[in-house]
**Q** 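Can you keep this structure in mind? I'll have questions shortly.
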2 protein chains.
Amino acid sequence: MTVMETTSTDSCAAPPRPGRRPQGQDSYTISEVVAFTGLTAHTLRWYERIGLMPHIDRSHTGQRRYSNRDLDWLDLVGKLRLTGMPVADMVRYAELVRAGDHTFGERFDLLEATRRDVLARIAELQDTLAVLDRKIDFYSGAGRRFEQERYMDDTTEQAG
Amino acid sequence: MTVMETTSTDSCAAPPRPGRRPQGQDSYTISEVVAFTGLTAHTLRWYERIGLMPHIDRSHTGQRRYSNRDLDWLDLVGKLRLTGMPVADMVRYAELVRAGDHTFGERFDLLEATRRDVLARIAELQDTLAVLDRKIDFYSGAGRRFEQERYMDDTTEQAG
DNA sequence: CGCTTGCTTGGAGCGCACTCGAAGGCCATA
DNA sequence: TATGGCCTTCGAGTGCGCTCCAAGCAAGCG
């Protein structure tokens, strides 16, 4: 009945990730997750406190034991973080997932809005790139003569 | 002797911007600059305090009078801000410009490093875009059956 | 047993980039 | 003259995303 792969219960194909243990033995300490993600243990616990993570399994002594699914979720969070999405919005998404199937529509909307944001940010960056390229051209080319800058200094050309 | 256009003393061709007054009459109050840039007056004064702006011309009563060049610089700052460059780095660049021609090399290096950062960020965002697209496909397609998510909830497929 | 290591908790603190408030100056219009 | 509006400065406050601390527990080792 299930469509699951070895390490993924995702909604779509997920590439196998190195260092992961197979389903059933996927139980990682917080320090292992630190090594995987680059986040600090503090941050991981904080994510949990604010509701950005589900409640993580615990060992018999109360220590956190992360699953492959948790790591997948952290991957997604990491990606969304790079887009500049506020943590509060990610928490909102996490809440929708926890709330069950009836939030599919809302999740879809949120993802689409995020997608639009990402596209806009890419466009902004490409715009900036063009500006940088023009400046770099200037500095590498005529840079040593008739030098001037938008933000003027003591050089030349003040009067116009 | 100068290469200047009507509104620009930049190191490279700058498109004419709407609302700008021609060279010689380019004297804008802070509230006009607020309208241009979307920044607050507080932020503009703060930029000046921290050295991100040159010392702005003053009217006989001591009020700030911004020039086209200042607006150009603010445009650049706005672009760099979008790349996530820390304000301290922009201040550094501003200091280099103020310091004179002998900092050309350093400015060039800084711009190139920034350019690399921007390219890397674009790549990251495109990566994220791919993930979002996969998820959006899932939610718009098979979404209503066999639903599951990396960050599992109460739905299905738990056992594997 | 004591020591170390790694984990737990709640809560306080930090750095960044603003953001705002208080108190006052200048000046145009009524 | 006075009222309103926009300007000034300095310094304190805000929101975000961590980041760290102190105190304590549990396991492993000599």
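Just so we're on the same page: letters track the sequence lines, and every chain starts at 1. Source: prediction; values computed, not measured.
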**Q** Do any side-chain nitrogens or oxygens of A:Arg64 fall under 4.0 Å of OP1 or OP2 in C:dC7?
**A** no

**Q** For a 4.5 angstrom cut-off between non-hydrogen side-chain atoms, does A:Arg107 reach A:Tyr93?
**A** yes

**Q** Does any part of the side chain of A:Met85, heavy atoms only, come nearer than 4.5 Å to the side chain of A:Leu110, both counted from C-beta?
**A** yes

**Q** Taking any atom closer than 4.0 angstrom to a non-hydrogen atom of chain A, what span of DNA chain D does the protein reach, first nucleotide to last?
**A** D:dG17 to D:dA27

**Q** Assign B:Arg49 to base, sugar-phosphate, or nothing according to its heavy-atom contacts below 4.0 angstrom with the strands shown.
**A** base

**Q** Kindly indicate whether the side chain of A:Met90, heavy atoms from C-beta on, has any atom under 4.5 Å from the side chain of A:Val87.
**A** yes

**Q** Whole angstroms only, please: what is the CD1-P distance between A:Ile50 and C:dG11?
**A** 16 Å

**Q** In terms of the angle between their ring planes, are B:Phe138 and A:Phe104 parallel, tilted or perpendicular, with boundaries placed at 30° and 60°?
**A** tilted

**Q** In Å, rounded to the nearest 0.5 Å, how long is the span from CD1 of B:Ile30 to NE2 of B:His42?
**A** 9.5 Å

**Q** Rounded to whole Å, please give me the gap between NE2 in A:His60 and C1' in C:dT8.
**A** 14 Å

**Q** For DNA chain D, which residues of residues 36-44 of chain A approach it to below 4.0 angstrom with any heavy atom?
**A** A:His42, A:Thr43

**Q** Could you verify whether a donor N or O on one side chain and an acceptor N or O on the other, from B:Asn68 and B:Tyr28, lie under 3.5 Å apart?
**A** yes

**Q** What distance do A:Arg45 atom CZ and A:Arg49 atom CZ have between them, rounded to the nearest 0.5 Å?
**A** 9.0 Å

**Q** Using heavy-atom distances to pick each residue's nearest nucleotide on DNA chain C, tell me which of B:Gly84 and B:Arg45 is more 5'.
**A** B:Gly84

**Q** For DNA chain C, which residues of residues 25-34 of chain A approach it to below 4.0 angstrom with any heavy atom?
**A** A:Thr29, A:Ile30, A:Ser31

**Q** Measure the spacing between OG1 of A:Thr103 and CD of A:Glu106 and express it to the nearest 0.5 Å.
**A** 6.5 Å

**Q** Using a cut-off of strictly less than 4.0 Å, decide whether B:Arg81 has a side-chain nitrogen or oxygen near OP1 or OP2 of C:dC18.
**A** yes

**Q** Going from CG on B:Asp117 to OG1 on A:Thr128, what distance comes out if it is rounded to the nearest 0.5 angstrom?
**A** 12.5 Å

**Q** Does either side chain, that of A:Ser67 or that of A:Asp70, offer a donor lying less than 3.5 Å from an acceptor on the other one?
**A** yes

**Q** What is the distance, to the nearest angstrom, from the CH2 atom on A:Trp46 to the C1' atom on C:dC7?
**A** 21 Å

**Q** Are B:Leu74 and B:Val33 close enough that some pair of their side-chain heavy atoms sits under 4.5 Å apart?
**A** yes

**Q** Atom CG of B:Leu82 to atom P of C:dA17: distance rounded to whole Å?
**A** 13 Å

**Q** Expressed as a whole number of angstroms, how long is the span from B:Leu74:CG to C:dC18:P?
**A** 12 Å

